[in-house]
4 protein chains.
Amino acid sequence: MEKREVHASVKDESLVNKRRNQMIKGAVTLFKQKGFHRTTTREIAKAAGFSIGTLYEYIRTKEDVLYLVCDSIYDQVRERLQKDLDTKQGTLESLKRGIANYFRVMDEMQDEVLVMYQEAKSLSKDALPYVLKKEIEMVGMFEDVINRCVENGELVLAKQQVQMIAHNIFVQGQMWGFRRWALQQIYSLEEYIELQTELLFKGITLNERG
Amino acid sequence: MEKREVHASVKDESLVNKRRNQMIKGAVTLFKQKGFHRTTTREIAKAAGFSIGTLYEYIRTKEDVLYLVCDSIYDQVRERLQKDLDTKQGTLESLKRGIANYFRVMDEMQDEVLVMYQEAKSLSKDALPYVLKKEIEMVGMFEDVINRCVENGELVLAKQQVQMIAHNIFVQGQMWGFRRWALQQIYSLEEYIELQTELLFKGITLNERG
Amino acid sequence: MEKREVHASVKDESLVNKRRNQMIKGAVTLFKQKGFHRTTTREIAKAAGFSIGTLYEYIRTKEDVLYLVCDSIYDQVRERLQKDLDTKQGTLESLKRGIANYFRVMDEMQDEVLVMYQEAKSLSKDALPYVLKKEIEMVGMFEDVINRCVENGELVLAKQQVQMIAHNIFVQGQMWGFRRWALQQIYSLEEYIELQTELLFKGITLNERG
Amino acid sequence: MEKREVHASVKDESLVNKRRNQMIKGAVTLFKQKGFHRTTTREIAKAAGFSIGTLYEYIRTKEDVLYLVCDSIYDQVRERLQKDLDTKQGTLESLKRGIANYFRVMDEMQDEVLVMYQEAKSLSKDALPYVLKKEIEMVGMFEDVINRCVENGELVLAKQQVQMIAHNIFVQGQMWGFRRWALQQIYSLEEYIELQTELLFKGITLNERG
DNA sequence: AATGAATGAGCGTTCATTCAT
DNA sequence: CATGAATGAACGCTCATTCAT
């Protein structure tokens with residue numbers, strides 16, 4: 001189950017990549033504005049800088065564009081996370097920095113992430129597994145970091161707890177973009193990071209014993 | 001800004017309610033399967049048990065159906081929450097029970113909630129405020145309960161923290177449905193409730209001091 | 001070939017007349033504003049002051065309404081002309097007064113006349129003869145008056161000329177309403193009457209010999 | 001206020017012209033038979049020899065077809081008039097020949113003219129001015145010719161009279177087509193021309209003094 | 001490889017007409 | 001006699017996709 005292949009009539013692979021990047025860039029802009037369903041293939045072609053005929057030399061169906069877009073966004077997010085998390089040594093401090101970094105990435109890419117999650121449901125049944133796989137991979141990255149803290153003895157957590165925490169962190173990152181109409185009016189990004197980190201680590205009844 | 005009125009040609013109000021309930025029921029089923037955009041008005045009419053002409057006696061546009069669906073789901077969720085939360089006296093114990101109850105409601109209504117959140121973005125600009133308002137109301141219900149705990153001295157939290165916690169709880173409830181492909185394979189609902197509650201109250205570094 | 005009968009389910013003839021007059025009055029107003037095709041039967045019923053169901057107790061199809069409207073307008077026009085022309089003794093002076101009277105009637109009823117002529121073409125093939133018959137009748141009224149002038153020796157005209165003149169007068173009356181966007185900005189009604197009468201009687205080269 | 005542009009998706013201008021001519025030809029035939037409102041876009045496309053999708057590559061709305069039809073008919077009529085009237089030197093003889101020519105044009109194009117005048121009222125408020133402008137232009141052509149006769153001293157007429165006469169001539173041309181059910185059963189075209197010309201120039205009471 | 005004209009299934013919506021009450 | 005809820009054929013229009021050039 002490696003990447004799902006999207007068929008292109010054109011053979012020259014570097015041209016295919018070039019054209020698809022044009023296409024994705026145009027499509028993201030459009031999906032951001034009007035969503036996948038309200039965007040026409042003509043608009044995508046135009047935004048990409050070529051004709052509708054050419055568009056169809058590089059994809060087979062409109063849905064392929066959506067898949068390519070989602071795939072590309074995932075890759076960007078993961079790349080930015082990996083760069084940071086890979087070097088983490090498994091200390092609480094590095095976990096905190098990892099979370100902060102993730103939240104910042106989600107802040108910068110909130111439009112893309114929104115697009116991805118709102119439209120991914122329009123992917124056909126056979127594209128879904130590839131998307132879920134990426135999702136699992138990304139949650140897995142947090143799990144790994146947390147697990148290293150457990151191994152190091154910095155944290156004492158059951159496996160189930162580790163997974164739960166990874167999901168929570170992951171969702172709280174998305175939340176920043178999805179609930180921006182509420183959250184971003186109350187908190188700055190840095191306040192959000194600090195508050196969420198504190199709650200995560202200390203919980204709400206710490207003070208009782210503090 | 002009370003409820004946005006959806007125009008019906010039919011005058012008999014109880015008939016309007018009856019027909020709209022049929023419509024909403026059918027629409028939810030369809031939206032669940034194929035989403036709002038891929039569902040046709042004819043399918044909605046058929047699922048509701050009447051003709052396309054009759055459908056349009058009770059709404060003005062296809063979007064009205066979506067609004068009616070979202071509105072109805074919100075009302076159901078809120079009603080079930082209110083019944084429980086209203087009687088809370090502001091103790092930690094009652095907050096915990098409130099959270100558990102909310103998670104159970106979200107479990108039972110996960111299909112509806114999924115539909116609502118995935119399709120609400122297709123609402124036109126003038127219906128959106130009404131939906132956001134409900135969202136704020138519901139988060140507000142949790143805020144109130146937490147605030148009562150603060151007033152009672154059971155918790156010591158800043159206003160910003162209260163809001164953050166309310167949002168977190170709210171989102172974790174949705175998460176159960178949205179990420180069911182992952183979460184519901186690892187946890188039972190009761191495990192999920194217990195784990196999330198524990199994490200919320202104790203945080204992940206409690207052990208350090210335990 | 002007397003009046004074409006429009007079927008009514010209701011038996012009470014005076015009620016039928018009453019309801020149809022309500023209907024015609026409402027319909028003319030609506031047709032004036034939006035034309036026959038853009039007016040719905042529901043609107044007609046509402047303007048008439050009763051329900052759509054009741055409307056259909058007094059007509060069989062929407063086209064019946066149009067026929068009734070045209071018929072009614074013809075009758076009104078003819079009645080007003082007849083009142084005046086019947087008494088004409090066949091003098092040039094009376095012909096002139098007859099023309100002036102006709103133009104004034106066409107001025108007062110210009111909306112109705114416009115509706116009639118613009119929409120009559122929507123009448124089905126079997127209603128057309130009745131309409132043409134009325135048209136012929138009305139032109140015939142002018143023919144009669146002119147013929148009386150010829151009989152009296154006031155005018156010397158061939159039969160073909162008489163018919164031509166009758167048609168010209170008739171059309172010039174309609175013209176006042178149909179070309180109002182041009183004519184009514186240049187002339188007052190009385191100027192129009194005077195100019196047309198003068199041209200009719202004297203022609204444009206009279207002056208050469210005058 | 002030059003020609004109102006009708007949007008076409010297709011870029012190739014000569015193709016646009018070709019397709020639109022097909023479209024207009026088909027539409028005139030249909031409008032003649034059943035009027036604008038009773039003609040469907042699919043019928044227009046079919047009559048034009050292409051699919052509904054293609055039709056909409058060359059227009060934006062059904063009304064565009066009507067505008068294109070009216071515009072095209074006007075252009076044809078005007079072109080044929082202009083060819084004749086432009087060379088008129090301002091003599092009575094040339095005015096008579098101009099009228100005769102106009103009546104002959106209206107005879108040949110009576111179907112088109114009928115369509116145009118019966119359906120033009122269905123044009124939206126923003127297309128109407130363009131149509132009225134053409135109407136004024138065409139009446140203006142007769143005014144010019146008559147004015148030249150006045151300047152040459154061949155006729156002695158006030159400005160108001162000139163306008164009236166131009167309108168009368170214009171309407172009598174249309175009359176030949178509109179009232180064909182009556183006129184064309186009494187007169188041949190040439191008789192009609194002769195009779196109308198005579199009446200116009202001599203009036204009905206000339207004989208009294210002749 | 002690139003183009004863009006052509007296609008037609010399918011959509012949301014309307015509205016004349018019917019008929020049970 | 002009057003009502004108005006129900007119907008569904010039919011409409012104007014869109015847009016993903018194809019294919020000749």
Side-chain angles (χ1 to χ4, degrees), chain A residues 8-12 15-16 19 37-46 50-65, chain B residues 8-12 15-16 18-19 37-46 49-65, chain C residues 8-12 15-16 19 37-46 50-65, chain D residues 8-12 15-16 18-19 37-46 49-65:
Chain A
S9 304
V10 172
K11 299 286 179 265
D12 180 340
L15 185 56
V16 170
R19 292 274 181 264
H37 278 106
R38 294 199 211 283
T39 302
T40 68
T41 51
R42 274 172 171 78
E43 288 170 328
I44 296 170
K46 193 174 180 186
F50 38 72
S51 72
I52 182 67
T54 300
L55 181 74
Y56 274 87
E57 295 288 322
Y58 296 93
I59 52 158
R60 263 225 257 267
T61 68
K62 188 187 174 190
E63 209 212 279
D64 283 347
V65 180
Chain B
S9 301
V10 171
K11 305 289 173 59
D12 181 340
L15 185 57
V16 170
K18 182 183 156 197
R19 292 276 180 262
H37 279 108
R38 291 201 211 283
T39 301
T40 69
T41 51
R42 275 170 180 78
E43 288 170 327
I44 296 169
K46 195 174 178 184
F50 37 71
S51 73
I52 182 63
T54 299
L55 180 73
Y56 275 89
E57 293 283 321
Y58 296 92
I59 52 159
R60 265 226 252 267
T61 68
K62 187 186 175 191
E63 210 213 278
D64 282 347
V65 180
Chain C
S9 304
V10 171
K11 299 289 178 262
D12 179 341
L15 184 56
V16 170
R19 292 274 182 262
H37 279 106
R38 293 200 212 283
T39 301
T40 68
T41 50
R42 273 170 172 78
E43 288 171 325
I44 296 170
K46 194 175 179 185
F50 38 71
S51 74
I52 182 66
T54 299
L55 182 73
Y56 274 85
E57 295 287 322
Y58 296 93
I59 53 160
R60 264 227 256 266
T61 69
K62 187 186 174 191
E63 210 212 279
D64 282 347
V65 180
Chain D
S9 302
V10 171
K11 303 291 172 58
D12 181 338
L15 185 57
V16 170
K18 182 182 155 197
R19 292 277 180 263
H37 278 107
R38 293 202 210 280
T39 302
T40 70
T41 51
R42 275 171 178 81
E43 287 170 329
I44 296 170
K46 195 175 180 186
F50 36 72
S51 72
I52 182 67
T54 299
L55 180 73
Y56 276 89
E57 294 284 319
Y58 296 93
I59 53 160
R60 264 225 252 268
T61 67
K62 186 186 174 191
E63 208 213 281
D64 282 347
V65 180

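This structure is a prediction, so every number in the text was calculated from the model and none was measured.
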Check for a donor-acceptor pair, side chain of D:K11 on one end and backbone N or O of D:S9 on the other, with a separation under 3.5 Å.
-> no
Assign C:D12 to base, sugar-phosphate, or nothing according to its heavy-atom contacts below 4.0 angstrom with the strands shown.
-> sugar-phosphate
The dot-bracket string of DNA chain F, counting Watson-Crick and G-U wobble pairs with both distances under 3.5 Å, using [ ] for crossing pairs and | for pairs to another strand, is .||||||||||||||||||||
When rounded to the nearest 0.5 angstrom, what is the spacing between OG1 in D:T61 and CD1 in D:I59?
-> 6.5 Å
Between atom CG in D:L15 and atom P in E:dT3, what is the gap in whole Å?
-> 18 Å
Closest approach of A:R60 to A:D64 (non-hydrogen atoms, all atoms of both residues) | N-OD2, 2.8 Å
Closest non-hydrogen contact found for A:H37 with A:K62 is O-NZ, 3.7 Å
To the nearest angstrom, the CG-C1' distance between B:D64 and E:dG12 comes to 12 Å
Please test C:Y58 against C:L15 for side-chain contact (heavy atoms from CB on, under 4.5 Å), starting from the C-alpha separation and ending with a verdict.
-> CA-CA 10 Å; C:Y58 296 93; C:L15 184 56; 3.6 Å; yes
Take B:Y58 and C:L55, find for each the nucleotide of DNA chain F with the closest heavy atom, and name the residue whose nucleotide sits nearer the 5' end.
-> C:L55
Begin from the C-alpha positions of C:R42 and B:E57 and carry the test salt bridge (Lys or Arg N to Asp or Glu O under 4.0 Å) through to its verdict.
-> CA-CA 13 Å; C:R42 273 170 172 78; B:E57 293 283 321; 3.7 Å; yes
Closest approach of C:T41 to C:L55 (non-hydrogen atoms, all atoms of both residues) = O-CD2, 3.6 Å
Earlier contact from the 5' end, DNA chain E, for D:K11 and A:R19 | A:R19
Minimum heavy-atom distance between C:V10 and C:V16, given as atom pair plus value | O-CG2, 3.5 Å
Using a 4.0 Å cut-off on protein heavy atoms (strictly under), produce a 5'-to-3' string for nucleotides 13-21 of chain F with B for base contact, S for backbone-only sugar-phosphate contact, and - for none.
-> BBBBBB---
